[in-house]
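Below is one structure; the comments refer to it alone.
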Amino acid sequence: MNDAGDPVSIADLLDERRHLLDIAHGMLGSRCEAEDVIAETYRRWYELSSTTRARITTPRAWLEEVVGSICRGARPNALDSTSTAVDIAGRTGPEYAEPADRALHSLRAMRSRPTTPRQHDAVVCTVRQACATEDAPLLASLLAPDVTAFFDGGGKVRAPTGPVHGNLHVARGLLALVPRRPRITLHTHSVNGRTGIVVRYDRQVAAVISLDIAGRHVVQVWVTLNPDKLSSWNQSRNGGSPGHGS
C-alpha cells in the first residue's frame with residue numbers, strides 16, 4: 001500500500017533516515033546542516049501527491065537523489081525553515097478536523113464503556129503479544145471494528161499521511177511497522193500516564209504507541225514516529241523514560 005496505508009517497518013525507517021543523514025553529512029561535513037537537508041528532503045516527498053508517491057517504485061533512491069541535489073545546489077541554512085512544519089497528517093485546513101473528531105469519538109466511546117486500569121493493562125499486554133508474535137487474527141480481534149490509527153512522523157520519516165480505519169487495516173499496518181525481527185523489541189511502558197507500548201530498534205526507541213480502550217477493545221491508536229518527539233525517550237542509555245516497563 002502507499003503512504004496513506006501501511007507504514008514502512010521500523011527497521012527500514014531508521015535505516016533509511018540514517019543512510020540519508022550519512023550522505024548529507026559526507027557532502028556537507030556538518031551534522032546539523034545534514035539534519036536540515038533531511039527535513040527539506042522529506043518535505044519535498046510529502047509535497048508530492050499520493051498518486052505520484054505511489055508511482056515511485058524505489059522511494060529510497062528518490063530520496064537519495066533529492067538529498068544530493070539539495071547538498072549540491074544550496075546551503076541548508078538558506079532553506080525556509082518554516083516549510084518543514086509537517087505534522088501528523090501532513091495537511092492543513094479542514095482536514096485537521098478529522099483527528100479532533102476521531103479523538104472526540106474515542107472519548108465518548110471510553111465514557112460509554114469505561115475500562116479499569118487493570119483491564120486497560122490486560123488489553124495492552126495482549127496487543128503487545130499479538131504484535132510480537134505477528135498474530136494478525138488475535139490483534140484484529142482486540143481492535144474495535146471502527147478503530148482508527150494515526151501515525152505521527154512529523155515529516156521526518158516516511159509514515160502514512162492520513163488516518164487508517166478499520167480493525168483489519170490497522171492490524172495489518174501495525175504488523176508491517178513492527179515485523180518480528182531480532183533487533184526489534186516491544187515493551188509495555190507508561191505513556192502519558194497510561195500503559196502503552198514502546199518499540200525499540202537495537203536500543204533506540206523508534207516508536208511509542210498509545211492506545212485508547214473502551215470495554216475490551218482498542219478504539220484508537222496513536223503511533224509516534226517523529227524523531228524529535230522521541231528524543232526524550234532516547235536521552236537515557238536504556239532508551240526509556242523513568243518508570244516501570246516490561
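Quantities reported herein were computed from a predicted structural model and do not represent experimental measurements.
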* Fit a plane to each ring of Trp222 and Phe150, take the angle between them on a 0 to 90° scale, and name the class: parallel (under 30°), tilted (30 to 60°) or perpendicular (over 60°). => parallel
* Going by heavy atoms in the side chains, are Ile23 and His19 under 4.5 Å from each other? -> yes
* Are the side chains of Tyr201 and Asp15 in touch, meaning some heavy atoms are under 4.5 Å apart? -> yes
* To do: Find out whether Val223 and Val199 are in side-chain contact, i.e. whether some heavy atom of one side chain is under 4.5 Å from a heavy atom of the other.
  => no
* To do: Taking Arg183 for its side chain and Ala11 for its backbone only, find out whether a donor-acceptor pair lies under 3.5 Å.
  => no
* With a 4.5 Å limit on heavy-atom distance, are the side chains of Phe151 and Val157 in contact? -> no
* Give a yes or no on whether Arg31 atom CZ has more than 12 heavy-atom contacts from other residues, nucleotides or ligands under 6.0 Å away. => yes
* Asked: Looking at side-chain heavy atoms only, is the closest gap between Val123 and Val218 below 4.5 Å?
  -> yes
* Sub-4.5 Å side-chain heavy-atom contact between Asp135 and Gln129 -> no
* Ion pair Arg53/Glu47, N-O distance below 4.0 Å -> no
* Asked: Is there side-chain contact between Asp146 and His165, with heavy atoms separated by less than 4.5 Å?
  -> no
* Asked: Under the 3.5 angstrom rule, does the side chain of His120 hit a backbone N or O of Thr195 as a donor-acceptor pair?
  -> yes
* Do Ile70 and Arg44 have side-chain heavy atoms sitting under 4.5 Å apart? -> yes
